[in-house]
Amino acid sequence: MNTVKTEPVQALQKRTQHRAPHLKLDISKLVLHLVLIIVSTIMIAPFLWMVFSGLKDISQIFIVPPTLFPHPWYWENIHRSLTAMPFDKAYFNSAYISVSIVIGQLLTCSMAAYAFAKINFPMRNLLFIVFLSMLMVPEQVTIVPLYIILKNLGWLDTHLSLIVPDSLFSAFGVFLLRQFFLGIPRDLSESAYVDGANMWTIYWRIMIPLVKPALAALAIIAFLGTWNNFFRPVIFLSTTDNYTVPLMLSTFKGLYVTDWTLMMSGSTIAVLPVLLVYLLLQRYIIEGITMTGIKG
Amino acid sequence: MNPKRSNAIWGFVFIAPQLIGLLAFSLIPLIAAFVLSTLDWDGFGAAAFIGIDNFTYAFKNPDFQKAMTNTLYFSVLTVPMGIFLSLLTAVALNNVRMRVVYRLFFFMPVVTSSVAVAIVWMWLLNGDFGIINVLLKLTFGIQGPQWLTDLHLVLPSLAIVSIWKGIGFNMVLFLAGLQGISKDYYEASMIDGATKNQQFWRITLPLLSPTTLFVTIIAVIDSFKVFDTAFVMTSGGPAKASYTMVYHLYELAFKNFQFGKSSAAAVVLFVIILFFTLLQTHLSRKWVHYAD
């Protein structure tokens, strides 16, 4: 009988003891969430303002006080932007340039990384140090000689000027993948070697499937980096039909700088598909970038 | 065939594509940049060797000086503030529910094209009709400044855009660093009666220092490479008030076709960036606390 009576009292004491700090914690958490919501709003407000301004009539965007939503929604802007500049063409260009570079980098970087990690060949360490030192060279420093080389190859104003250099060289990609190959135990390739497999078979059939997460991270970084790159396209390309999306958008801005509705709908067109992909793959994208510490 | 020779052949076959790329598109261009910096060359006619004249010219050139001071100022404006805000948000997000949702929002500008970001912020910061000045007027009755056409405000304005765009990137690196700190330290210190405040200054910050150093150096280097926003938003103006180092070397090479002078500016930029990269290696040996 005694236990029956005392147990609820103890339980009550326990609960009250626990509830007081719990409630206090909740308030501080609530404030924290409130602050985070406000800051998050600041982070996404420019995107929302871009989308809504892009769907307003020119008279609507000068209304004071401003309205968030367009009234009425002016969907024609999308059509106007698309006809003002060949964005579809730019999309196609950006897409195939970026995909080519991603495929190229995955192949060439993984090959070189495999060799640096698993094959014993002369001058291996020296060559790897040379690759590593190239991480310290920003593209802005070598842009003039690169321009002259591409000019002599006759590649200026063609997509080769963007695809070939990036597909064939990424010190970062080699470095990243090498780290992953180093983590694969030796026995695995040695037993395959004993079974009569050659280097290529070992690389392609055994090693590549084992570094898939690293390949995915490299693919994401390479894709974002080339898709958003502005510096090289603005220097290498000169014909509108060859433009990538950022370059097209910059030119578009130069032509319609006073027509804010058109500029915002153009920006929306340029940004929205990438953001949709980002929303779908955000975990992989953020983790890939965190893993490597590179923005692309 | 003996295995040693076979290894040598396979090794070079595997690195061949990247080795060609390294030579043709990176190492030779780097050496060429140094060679070009000693030449007087417009890219078409004959080139003349002029020694260090391009460098002496650069340091006397008001455009170069302007580009240099602007870039340094931009660095000072963006790096400390950017690091502080991203560290703050990372700490705030570290043990919060729905972290993934907040992270999603903070990271959005990172994946967005810098050109689109520049154009959207041109609209937000527009002196007459931009939403920022309109809201300043409506809520506080203040007449907002001409953010992008004022000589003194243009770089701080570009700095705001840059911090907004980069905060998510630095934040996820800090978050990864925070997740890497063992819970044991916090539990042990809690038993010893440490306050949250003490835990932050005595445990979190020291153990986060490798990440902080890495993020800082990356941010410094990035700030020296600023180009896209200045090019799109202000064209380096007004009156070269937002003219940066990369803008300078771009203009010398691809507007004036002074390849030699441009390369001299590029070499200076390279030396600065190299300095910070080597500083990182040095400091990480000396100062940084590693957990193990």
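Numbered from 1 within each chain, the chains take letters A, B, ... in sequence-line order.
Note that CZ of B/Arg97 is 14.5 Å distant from CG of A/Leu36, once rounded to the nearest 0.5 Å. Atoms CD1 and CG, on B/Ile131 and A/Leu68 in that order, are 8.5 Å from each other to the nearest 0.5 Å. Here B/Trp10 contributes atom CH2 and A/Ile119 contributes atom CD1; the two are 8.0 Å apart, rounded to the nearest 0.5 Å. Put simply, CD1 on A/Ile44 and CE on B/Met108 are 6.5 Å apart, with the number rounded to the nearest 0.5 Å. The line from CG of B/Leu22 to CG of A/Leu168 is 11.0 Å long, rounded to the nearest 0.5 Å. To the nearest 0.5 angstrom, A/Met43 atom CE is 8.0 Å from B/Met171 atom CE.
Interface remark: B/Ile273 contributes side-chain atoms only to the contact with chain A (heavy atom separation under 4.5 Å). Using a 4.5 Å cut-off between heavy atoms, B/Val13 touches chain A through its backbone atoms (N, CA, C, O) alone. With a 4.5 Å cut-off on non-hydrogen atoms, B/Ser263 touches chain A through its side chain but not through its backbone. In this structure, chain B has a heavy atom under 4.5 Å from the side chain of A/Val257, while its backbone stays farther away. With a 4.5 Å cut-off on non-hydrogen atoms, B/Phe107 touches chain A through its backbone and its side chain both. Contacts between A/Val137 and chain B at a heavy-atom distance below 4.5 Å involve backbone atoms as well as side-chain atoms. Contact annotation for A/Ile148: only side-chain heavy atoms (C-beta onward) come within less than 4.5 Å of a heavy atom of chain B. Only the side chain of B/Asn126 comes within contact range of chain A, judged by heavy atoms closer than 4.5 Å. Heavy atoms of A/Leu247 lying under 4.5 Å from chain B are absent altogether. Of the two parts of A/Lys118, neither the backbone nor the side chain holds a non-hydrogen atom closer than 4.5 Å to a non-hydrogen atom of chain B. A/Met136 touches chain B through backbone and side chain together, each having a heavy atom under 4.5 Å away. Within the 4.5 angstrom heavy-atom criterion, no atom of A/Thr268 approaches chain B. For a residue to count as touching a neighbouring chain, one of its non-hydrogen atoms must lie under 4.5 Å from one of that chain's; by this rule B/Leu27 touches chain A with backbone and side chain alike. For A/Met199, the parts lying under 4.5 angstrom from a heavy atom of chain B are both the backbone and the side chain. When heavy atoms are compared at a cutoff of 4.5 Å, A/Val141 approaches chain B by way of both its backbone and its side chain. With a 4.5 Å cut-off on non-hydrogen atoms, B/Thr112 touches chain A through its backbone and its side chain both. Residue B/Leu104 touches chain A through both its backbone and its side chain, counting heavy-atom pairs closer than 4.5 Å. In this structure, the portion of B/Phe227 lying under 4.5 Å from any heavy atom of chain A is its side chain and not its backbone. Both the backbone and the side chain of B/Ile119 have a heavy atom closer than 4.5 Å to some heavy atom of chain A. Contacts of A/Leu249 with chain B are made by both backbone and side-chain atoms, with heavy-atom separations under 4.5 Å. Both the backbone and the side chain of B/Met122 come within contact range of chain A, with heavy atoms under 4.5 Å apart. Only the side chain of B/Tyr250 comes within contact range of chain A, judged by heavy atoms closer than 4.5 Å. Contacts of B/Leu19 with chain A are made by both backbone and side-chain atoms, with heavy-atom separations under 4.5 Å. Only the side chain of B/Val134 comes within less than 4.5 Å of a heavy atom in chain A; its backbone stays farther off. With a threshold of 4.5 angstrom between heavy atoms, A/Leu146 approaches chain B through its backbone and through its side chain.
Minimum heavy-atom separation, B/Pro29 to A/Pro145: O-CG, 3.2 Å. Among all heavy-atom pairs drawn from B/Ser26 and A/Met134, the shortest one is OG-SD, 3.2 Å. The two residues A/Ile149 and B/Ala24 make their nearest non-hydrogen contact at CD1-O, 3.3 Å. Residues B/Phe106 and A/Ser40 come closest through the heavy atom pair CE1-OG, 3.7 Å. Across every non-hydrogen atom of A/Lys29 and B/Asn95, the tightest pair is NZ-O, 3.2 Å.
Residue with the most contacts toward chain B among A/Trp260, A/Phe131, A/Trp200: A/Trp260 (heavy-atom pairs, distance under 4.5 Å). The candidate from A/Phe116, A/Tyr203, A/Phe252 with the greatest count of non-hydrogen atom pairs under 4.5 Å with chain B is A/Tyr203. The choice from A/Ile285, A/Val274, A/Thr41, A/Ile61 that makes the most heavy-atom pairs within less than 4.5 Å of chain B is A/Ile61. Highest contact tally toward chain A, considering only B/Ser114, B/Ser262, B/Ser113, is held by B/Ser113 [criterion: heavy-atom pairs under 4.5 Å]. Of the listed residues A/Met50, A/Arg124, A/Gln140, the one with more heavy-atom pairs under 4.5 angstrom with chain B than any other is A/Gln140. Per-residue counts of heavy-atom pairs under 4.5 Å with chain B were compared for A/Ala270, A/Ala171, A/Ser170; the largest is that of A/Ser170. Among the candidates A/Met263, A/Glu287, A/Glu139, A/Gln282, the residue making the largest number of heavy-atom pairs closer than 4.5 Å to chain B is A/Gln282.
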Original post:
So B/Val100 and A/Arg283, side chain to side chain contact (heavy atoms under 4.5 Å, CB included) or not? Walk me through it.
Top reply: CA-CA 8 Å; B/Val100 180; A/Arg283 221 188 94 213; 5.6 Å; no
**OP:** Go through the steps to decide whether B/Val120 and A/Val271 satisfy the test side chain to side chain contact (heavy atoms under 4.5 Å, CB included), and finish with yes or no.
**Re:** CA-CA 11 Å; B/Val120 171; A/Val271 157; over 6 Å; no
**OP:** Tell me, with the steps shown, if A/Ser250 and B/Phe231 meet side chain to side chain contact (heavy atoms under 4.5 Å, CB included).
**Re:** CA-CA 9 Å; A/Ser250 154; B/Phe231 183 86; 4.2 Å; yes
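The aromatic ring centres of B/Phe25 and A/Phe169 sit 6.0 Å or more apart. A centroid separation of 6.0 Å or more is found between the aromatic rings of B/Phe14 and A/Phe121. In this structure, B/Trp164 has its ring center under 6.0 Å from that of A/Phe47.
Aromatic ring orientation, A/Phe62 versus B/Phe129: tilted (interplanar angle from 30° to 60°).
Judged by distance alone, the side chain of A/Asn228 and the main-chain N or O of B/Val111 form a donor-acceptor pair under 3.5 Å. The main-chain N or O of A/Pro138 is never found under 3.5 Å from a side-chain atom of B/Lys225 such that the two would form a donor-acceptor pair.
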